[in-house]
Amino acid sequence: MSTATELDLTYDTLYIGGEWVAPSGNDRITVTSPSTLQTIGVVPDGTTADIDRAVAAARAAFDDRTGWSSWEPEERQVVLNRFADEMDARLEDTAVRTSSQNGMPIAIARQLEGGFPGMLLRYYADVAVKQEREEHRPGLLGGTSVVRRTPLGVVGAIVPWNFPQALTFLKFGPLLAAGCTVVLKPSPETVLDAYTIAEAAEAAGVPAGVVNIVQGGREVGAYLVEHPGVQKVAFTGSTVAGRKIGEVCGRLLKPVTLELGGKSAAIVLDDASLTDKMEQLFGCMLINNGQTCWLNSRILAPKSRYDEVVDTLSALANGVTIGNPLDDGTQIGPVVSQVQRDKIEGYIQKGKDGGARVAAGGGRPEGLDGYYVQPTVFADVDPNSVIAQEEIFGPVLSVIPYDTVDDAVEIANGTEFGLGGTVWTEDKERGLAVARRVQTGTIGINFYVNDPGSPFGGVKASGLGREMGPEALGYYQAIQTVYLDPPSLG
Ligand code: NAD
């Protein structure tokens, strides 16, 4: 087992307009390891004046008539492939920074946080090259139209702390390939990995002003959303913040993509075999310490097999290795902060008070000083209770009994969310038939892994728009129709 050493990083500048500039304010963000509770980094706390500078730089880069937005996709691809190489070269550093800040087990951080940036940059550069740029379309009335796709403009990108790199590059990939420029505002909990992005962009020769990063809090994020120099907002975070941002963008008629919260359901059918799928169950129910938007935190089990399902999930929760997120063997690390742990423990208390039965966990693991929470399984959960309706964003599962498959689908659809989900069965066709009835943006049969080649996103209060897949490119493009040849109207 290897344990990487604790970080100790100090930055005095922000990356704006291709330069490392002094922040306009004196405040600092201090990053604490949720595992050791030691300070691991200090960076400038960006202000609205820094946002003004960053938007101005992104605007200038976008408006440059021979610059990034005017290039052919092939020219941008050369730079984006170099950017990808530079991110790949920083894979381990990125993974360690992410784990150290948010408690993500390092094995997951290497794969998703370290590996996704390069893969997504290359993928979207290629999607843009292959996209038809000017389609000559025969008209319904006769004549011809030219349908063109143009980059939307300056993007304000705002991301949360749970998968800071993957969620950033789900935006950077398509927006940069489309020819947009960007101001990124990371979450205050995960500001250190964002410096890796800036260093890689600089090393790759991404033109000045195309990528700008302002570390800061909510007010700075809200200011970025409202900024008249920003044409498009790409947000990932809570439904509460997403609603506010959606309201502002509606008033301003500004395009917005919202990837928000979830309370996804795993529907276990009566023929399911679970004990041979413990890895898949872990992957869709507990990964990243329960801090994943699409997690299957509600498990719907047929009454005929209810006790067996509760036992299997309890064995899963009791069997995981909890520890330092930087240890290779750790499956569950600490949650991101004391605030987050307080919130999760508050929900565990509400579950107990509401009459649900603790089948596993329910407290803190012994011998660990950080913000750890035991993976917890609640049985006998009322589908309308608080723990079955609200997003807990921690390692807490609720097992809900059902009578018929119709009941299961109704319970699955019975929250305000619709982001992920799974169906567990030995009959794939049966699983697919049930999956089709679930109101959700994504759903898996016997496993759940987001494949970046297919669109991901939510319905209902889980969001608007899609990331991943070639579809994501269109969210950063405007469409212009040129009527070229007139129809003969008689
Ligand atoms: P959060 O909404 O509190 O913060 C997310 C980001 O938005 C942060 O950078 C924050 O500073 C900023 N922010 C907050 N309020 C803002 C406002 N009014 N205007 C502009 N910026 C604002 O969320 P969090 O606690 O950091 O992250 C957890 C949430 O993110 C969970 O609800 C989770 O489900 C969701 N999430 C969704 C997805 C998805 O793809 N659907 C992925 C990961 C996380």
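Start at 1 and go down the list; that is how both ligands and their atoms are numbered. The structure displayed is predicted, hence computed values, not measured ones.
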Can you confirm whether more than 12 heavy atoms, excluding those of E19, are under 6.0 Å from its CD atom? no
Is atom 15 (N) of ligand 1 less than 4.0 angstrom from some protein heavy atom? yes
Under 4.0 Å from ligand 1, counting heavy atoms only, is it the side chain of [X], its backbone, both or neither?
X	answer
F163	neither
E391	side chain
W294	neither
L419	side chain

Tell me which donor-acceptor pairs under 3.5 Å the side chains of residues 469-477 have, and how far apart each pair is, sequence neighbours excluded?
residue, atom, partner, partner atom, Å
Y475, OH, R466, N, 3.4
Q477, OE1, Q131, NE2, 3.1
Q477, NE2, Q131, OE1, 2.9

Would you say [X] and ligand 1 have an N/O pair spaced under 3.5 Å apart?
X	result
G237	yes
K185	yes
S238	yes

Who pairs with R341 by salt bridge (charged side-chain N to carboxylate O under 4.0 Å, His left out), at least two apart in sequence or on another chain? none
Taking atom types as modelled, is there a side-chain donor on N446 or Y448 under 3.5 Å from an acceptor on the other? no
Is it true that R122 and D126 have a side-chain N and a carboxylate O under 4.0 angstrom from each other? no
